[in-house]
Every structure is written in structure tokens, then in C-alpha cells.
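Fair warning: this is a prediction, and the values are worked out from it, not measured in the lab.
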Amino acid sequence: MSTASTTDTQTDALQSDDLAAQCVDIARRAKAASRLLGTLDTNIKDQWLIESADALIEASDAIIAANQLDLENAPKYGLTDAGIDRLRLDEARIAGIASGLREIASLNDPIGEVLDGFARPGGMRIEKRRVPLGVVFFIYESRPNVTADAAGICVKSGNAVILRGGKEAAHSSRAIIEVLHEVGRRVGIPDDAVQLVGTTDRAAVGHFLKQSDNIDVTIPRGGENLIRRVAAEATMPVIKHYDGNCHVYVDESADIEMAVDIIENAKCQRMGVCNACESLLIHQSIAADALPAIAKRLASRGVEMRVDERASAYVPDGVPATDADFGAEFLGPQISIAVVDSLAAATDHINHYGSGHTDAIVTSNIAASEQFTALVDSSAVMVNASTRFNDGGMFGLGAEIGISTDKFHARGPCGLRELTSYKYIVRGNGHIRG
């Protein structure tokens, strides 16, 4: 049966009356596939990634045609211009997706890595070895490149994945999965290792969230309402990413020119992403010198500054900030600004209003940087660097499946190792316990 007909069959089945049973079937097939993936040779996984990258480029015309159908449907889904831009594929973006798969292939395979090993006094030997999580249920927004990224990172880490993408990118995602399946059949990766849920019925998500016997972890990547729903309904662990209210704190010893450049990059390089700066804090002793320069740069980029009373003295064009502004993830051309009395006041503000995603300090004082990194409770804390660097690619992890603001089981960019667990292997020679 062709890939297209397989996908259509799955879609038709999921639109039948017995949706719950079909979701169970998908999860069970993913579980069976995960057992094979957990023992698969690294060379086979890498071959699949590299050949899939080549095949995606060869299939660019078909993928772009499928993407055009999604773009034509975009207005009825109410996508913004930014949303349509994220949805759009062209030859350059498909080449970028392919490059991402090749990068994953170049990374070390974490499966089988020995994390620790030791011998007991009686001669028994114990190893702590890295293993896959098993089956990942991944719910994500309407970005077709994420379909390939998630498939690649899950397979390389030995996990089967069930992909539930946004309806806005349904045609594009299906075209990408068809290519991945076709290559998989040639090299020995089963179709069930990467399954794309073919229905837009929201009830399907609820059915999958009940499948703790077959699904080992759920990763939702989208709006806060989706993530809270998943966290409330899931019967398996959830790796969560809530909002990204990221801060930059300008310390009293900061280099002002460096601070201006970092804040401009953190806020303006790409505004609609989770690691963009949304809040600026500045030490009162440097505010008179630094804040006008920072405000001038932000204003030149069209950023509206929502300022507290003390900051308003240095930002005459600022808008009075509300308490809600300091906790907001704007994802656009707005930023909250406050003047603080001390580094301790800055970290208290961040830990109160922040989301635990990414926060930064600009300082030339090593002791201040150490204090800041110790006190701020976030997945990544930057010293003299933009918040935009909290990213799997920037960290050298390759493609990421998300940035976790949880503390268990993973925190920060979730790459290959974050999709693994471990088990103990004990070797004896007739040992019995007395």
C-alpha cells in the first residue's frame, strides 16, 4: 500500500465513530515500534535521517504544493501574518528542514551510553545505562518544520512518536511524513515509529492522554490553555513549557553599550518567540545613564515601553505599566521596564513575575553574576548574553522538541538526551542474597 493510501486510511479510521479505539490502536502500534527502535543500530537511524533530508529536497515541489493548500486555508483559521509566515514553506525552508535532520544525524547517539559503572565488594558489577523513554505523544503548533524536527529527534533517541500537529499545517505535515515513511521502508524504520494523527477532532487528544500503558510521555507545545488542559488530563508524565516571560537585568556595573545591544537583540531579533525578552530591569544607580540609550534603541525598533513610575523619569514616551504587564508574555513589540534598588530586588522581581524560562544579567562584576545565577530560578540564566540563546541549536544540542520550564524530568532545551531515561544492568556470577 502506498504511503498516501496508508495515511488516508488512518485519517478515515480516525474519523469513524470509534475514535477512542482507533487512538488506542495507534498508541499500541507506536509501543511495538518503540521496542525495535530501542535496539536499532545507530547507523540505520543516521542513514534514515540523511536519506530523508535528501528525499525532502527532492520532494520540494510536492511539499510546496501541499503547503499551498494550507496557506489557502489559513484565513479561515484566523492566522495572523506572523502565523502565516511560520506556516509558509519554500525551497530555502525545506533545505533548512533537511539541514536540521542532517545535524541530528551528526550528533552522538545517546542510547547505550554508560552513565556510571562500579563493582560491589562481592564481585557483582553494576552499570547505569541510558535508554529511550519509549513512546512520545507530541502536540504542537502549526509549523510544518516541527513535524520533521520532532520525528528526527525522537527516532535518533530511540523513541517512537505520535504527532498531533495543528490543523493549519495538515497538508504540509502529511507530505513531510510521507517522505519520511518512504525512506524508512528502505532502511528499516517502521511506519509506526512516526505516526501523524489524521484527525482534527480535539477529542482525540483526550483519548491519547488516557493511554499511559502505551505512551510514556506527552509533550505539548502551544498556548497556555492547551498545556494546562494536557497537564490536567494526562495519565502519563508531561514535559511542559508554559509562557516565556524572559527578563534582562542591567546591573550597576554593566557596560552600557553592551547592555543596549543585548536588550535590542533579546527583544527585537525575533519578537514572537518564547525566548524573547519581555521585561527589562535596571539598577537605580545606572538608570539615568543607561535607560535613555536603551529606550532610544527600542523606540527605533517600534517597541512600546510600559514603564513603572521610576523608569518613566527616563522614558518620557513610556506607557504607565500595570502589574499584569510585568507578568506578561507579549510576543510582540511591547516590553515592561522597572527600576530596582539592588540585584536582590531584581532577582526577587524575576522569581515573582517570571515564568522560569530564560533570564539574563548584564554586568562586569563576577560576584554579581554568580549571585544572580544562584538566585534566579529559571531553566537558563545568561550572563552578558541575549536570552535568544536558550535554544537547542544554539546550545549545540541539534534540533529540540521544546524548551521545558519544568524541573522533572527535563529542564531547558529538550534534545536527544532529554528524551532518554536510564536503567541499571547488574552482572553477577551466581550471586544470591543472604
Side-chain angles (χ1 to χ4, degrees), residues 82 224 241-251 254-283 286-287 290-308 310-311 314-315 317-319 321-340 343 345-363 368-369 372-373 375-395 403 405 412-413:
E224 185 175 352
H241 166 186
Y242 287 124
D243 55 345
N245 180 17
C246 304
H247 296 73
V248 174
Y249 164 59
V250 181
D251 189 42
D255 178 295
I256 293 176
E257 185 176 349
M258 177 190 293
V260 172
D261 289 341
I262 286 174
I263 292 160
E264 179 186 25
N265 181 266
K267 179 64 207 176
C268 304
Q269 194 259 347
R270 195 172 171 197
M271 296 190 192
V273 292
C274 61
N275 57 12
C277 173
E278 305 287 27
S279 299
L280 167 63
L281 304 175
I282 188 161
H283 194 284
I286 200 174
L291 199 43
I294 294 168
K296 181 179 179 181
R297 185 74 64 85
L298 291 174
S300 73
R301 301 295 297 268
V303 177
E304 176 187 83
M305 288 161 276
R306 301 184 182 181
V307 297
D308 73 354
R310 296 169 77 183
Y314 311 108
V315 188
D317 295 332
V319 176
T322 66
D323 191 67
D325 288 329
F326 291 111
E329 182 185 32
F330 296 112
L331 298 174
Q334 298 86 26
I335 191 171
S336 65
I337 303 176
V339 174
V340 296
L343 185 150
T347 58
D348 286 346
H349 181 108
I350 291 168
N351 289 332
H352 176 73
Y353 289 103
S355 58
H357 194 293
T358 313
D359 299 291
I361 182 174
V362 185
T363 185
S369 70
F372 186 87
T373 57
L375 290 176
V376 170
D377 187 20
S378 296
S379 77
V381 183
M382 310 294 187
V383 178
N384 296 329
S386 170
T387 58
R388 289 284 288 121
F389 282 101
N390 189 6
D391 172 87
M394 293 292 98
F395 282 9
I403 297 177
T405 54

Asks: Write down the atom of D251, the atom of A368, and the distance for their closest heavy-atom approach.
Replies: OD2-CB, 3.5 Å
Asks: For S300 and R297, work out which heavy atoms get closest and say how close.
Replies: OG-O, 2.6 Å
Asks: Find out whether K267 and V248 are in side-chain contact, i.e. whether some heavy atom of one side chain is under 4.5 Å from a heavy atom of the other.
Replies: no
Asks: Heavy atoms, side chains only, cut-off 4.5 Å: are V362 and D255 in contact?
Replies: no
Asks: Would you say that T347 contacts F372 through its side chain, given a criterion of any heavy-atom pair below 4.5 Å between the two side chains?
Replies: yes
Asks: Using every non-hydrogen atom in the two residues, find where R310 and V339 come nearest and quote the distance to one decimal.
Replies: NH1-O, 3.6 Å
Asks: Taking only residues two or more places apart in sequence or in another chain, which ones pass side chain to side chain donor-acceptor pair (under 3.5 Å) with T358?
Replies: N390
Asks: Can you find a pair of side-chain heavy atoms, one from N265 and one from C277, that are under 4.5 Å apart?
Replies: no
Asks: Check C274 against C246 and note the closest heavy-atom contact, atom names and distance.
Replies: O-SG, 3.3 Å
Asks: Going by the angle between their ring planes, with limits at 30° and 60°, are H283 and Y249 parallel, tilted or perpendicular?
Replies: tilted
Asks: Okay, side chain of D359, backbone of H247: is any donor-acceptor separation there less than 3.5 Å?
Replies: yes
Asks: Before you tell me yes or no, could you show the steps for V250 and I263 under side-chain contact (heavy atoms from CB on, under 4.5 Å), namely the whole-Å CA-CA distance, both residues' side-chain angles and the distance that decides it to 0.1 Å?
Replies: CA-CA 9 Å; V250 181; I263 292 160; 3.7 Å; yes
Asks: Among I350, I361, V376, which one satisfies side chain to side chain contact (heavy atoms under 4.5 Å, CB included) with V381?
Replies: V376
Asks: Does the side chain of N275 reach to within under 4.5 Å of the side chain of H357, using non-hydrogen atoms?
Replies: yes
Asks: Minimum heavy-atom separation for A287 and P292, please, with both atom names.
Replies: O-CD, 3.5 Å
Asks: Please examine the side chains of D323 and Y353, heavy atoms only from C-beta on, and report whether any two atoms are closer than 4.5 Å.
Replies: yes
Asks: Under the criterion side chain to side chain contact (heavy atoms under 4.5 Å, CB included), which of D308, D325, L291 is the partner of I337?
Replies: L291
Asks: So R388 and V273, side-chain contact (heavy atoms from CB on, under 4.5 Å) or not? Walk me through it.
Replies: CA-CA 9 Å; R388 289 284 288 121; V273 292; 3.7 Å; yes
Asks: For residues T363 and L343, determine if any side-chain heavy atom of one lies less than 4.5 Å from a side-chain heavy atom of the other.
Replies: no
Asks: Between D391 (side chain) and G393 (backbone), is there a donor-acceptor pair under 3.5 Å?
Replies: yes
Asks: Name the residue from L280, V315, I294 that meets the side chain to side chain contact (heavy atoms under 4.5 Å, CB included) definition with M305.
Replies: V315
Asks: Kindly give the heavy-atom pair with the smallest separation between S379 and I403, and that separation in Å.
Replies: OG-CG2, 4.3 Å
Asks: Side chains of E278 and L331: closer than 4.5 Å at any heavy-atom pair?
Replies: yes
Asks: Before giving the answer on side-chain contact (heavy atoms from CB on, under 4.5 Å), spell out for F330 and R306 the whole-Å C-alpha distance, their side-chain angles and the decisive distance to 0.1 Å.
Replies: CA-CA 11 Å; F330 296 112; R306 301 184 182 181; 3.5 Å; yes
